[in-house]
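In what follows, a single structure is set out as structure tokens and then discussed.
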Amino acid sequence: MKQKTISATTRKSILEAANKIVLEQGVRTLTLESTAREAGVSKGGLLYHFPNKKSLIKGMVEKLISGFETMLEQELLKSDGNWLVAYVRASFQPPAEHNQISGALVAAIAIEPELLKPLQERFDEWQEKCEQLAPTPEIGTIIRLALDGMLISDLLDFAPLAQEARQNLIDTLIEMVTKEI
């Protein structure tokens, strides 16, 4: 296996371990040592990728952003290039997919809130795109806020919707963004 592939695999394992620690044991237990142990790498191996806790959390947030953007690109291909439809579908990934999101968000909010800046900037971009591409800016805002609400509901297990209700909501939001006014 090439060194670049090994390095990328190690980095991914470290980020997954950090998320697992935050979700299962709490953000206070997230240390470089605990992360290295959970990932099955030496502390030196972890330090090669993440020289400090702040860079580890930054990596978690970056992984969150890139993961969503990958889902968005995949859905864009399935949606005949309709960005809003793809955005709705990508936002409705199964709740299990949100574990990475919650670990990254909890760690950033609790330890280094300024590390949320890239995510805040992405949300600003997505808001602008929703306003531009929806039938009206207000419908675009409603769509984004509905998706944000679903994310929070999934993350915090607030009155989670049954699969049928989730699908009905997806269908309704897609109808809203594709309907001519």
Supply the atom-to-atom distance [X] [atom1] to [Y] [atom2], rounded to the nearest 0.5 angstrom.
X: I14; Y: T9; atom1: CD1; atom2: OG1; value: 11.0 Å
X: S66; Y: R122; atom1: OG; atom2: CZ; value: 9.0 Å
X: I174; Y: S79; atom1: CD1; atom2: OG; value: 7.0 Å
X: E16; Y: I21; atom1: CD; atom2: CD1; value: 12.0 Å
X: L119; Y: K117; atom1: CG; atom2: NZ; value: 11.5 Å
X: E131; Y: I139; atom1: CD; atom2: CD1; value: 12.0 Å

CD (E114) with more than 12 external heavy atoms under 6.0 Å: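 Above 12, so yes.
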Within 6.0 Å of CG in D124, more than 12 heavy atoms from elsewhere: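 Yes, because the 6.0 Å sphere around CG of D124 holds more than 12 heavy atoms from other groups.
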Any non-hydrogen side-chain atom of [X] less than 4.5 Å from a side-chain atom of [Y]?
X: W83; Y: L72; result: yes
X: V88; Y: L84; result: no
X: W126; Y: L147; result: no
X: L56; Y: L15; result: yes
X: L47; Y: K43; result: yes
X: K63; Y: K12; result: yes
X: R166; Y: P160; result: no
X: P118; Y: I65; result: yes

Over all heavy atoms of both residues, which pair between [X] and [Y] is shortest? Give the atoms and the distance, please.
X: T178; Y: N82; answer: CG2-ND2, 4.0 Å
X: E75; Y: A90; answer: CG-N, 3.8 Å
X: L161; Y: A165; answer: CB-CB, 4.1 Å
X: K78; Y: R89; answer: O-NH1, 4.0 Å
X: M60; Y: V22; answer: CE-CG2, 4.3 Å
X: T141; Y: Q127; answer: OG1-NE2, 2.7 Å

Test log, rule side chain to side chain contact (heavy atoms under 4.5 Å, CB included), inputs Y48 and T10: CA-CA 10 Å; Y48 173 79; T10 301; over 6 Å; no
Evaluation steps, side chain to side chain contact (heavy atoms under 4.5 Å, CB included), between L133 and V177: CA-CA 8 Å; L133 297 174; V177 300; over 6 Å; no
Any donor-acceptor pair under 3.5 Å from K53 side chain to L30 backbone: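 It does hold such a pair.
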Stepwise side chain to side chain contact (heavy atoms under 4.5 Å, CB included) test for H49 and S7: CA-CA 8 Å; H49 295 282; S7 184; 3.0 Å; yes
Parallel, tilted or perpendicular, as decided by the 30° and 60° cut-offs, for the rings of Y87 and F68: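 Perpendicular: the ring planes of F68 and Y87 meet at over 60°.
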Verdict with reasoning, E128 to E125, per side chain to side chain contact (heavy atoms under 4.5 Å, CB included): CA-CA 5 Å; E128 190 174 309; E125 291 171 17; 5.8 Å; no
In one Ile/Leu/Val/Met/Phe/Trp/Tyr side-chain cluster, 4.5 Å: [X], [Y]:
X: I152; Y: M150; value: yes
X: L145; Y: I170; value: no
X: L77; Y: M71; value: no

Side-chain H-bond candidate by donor/acceptor type, Q167 with D171, under 3.5 Å: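 Side chains of Q167 and D171: pair found under 3.5 Å.
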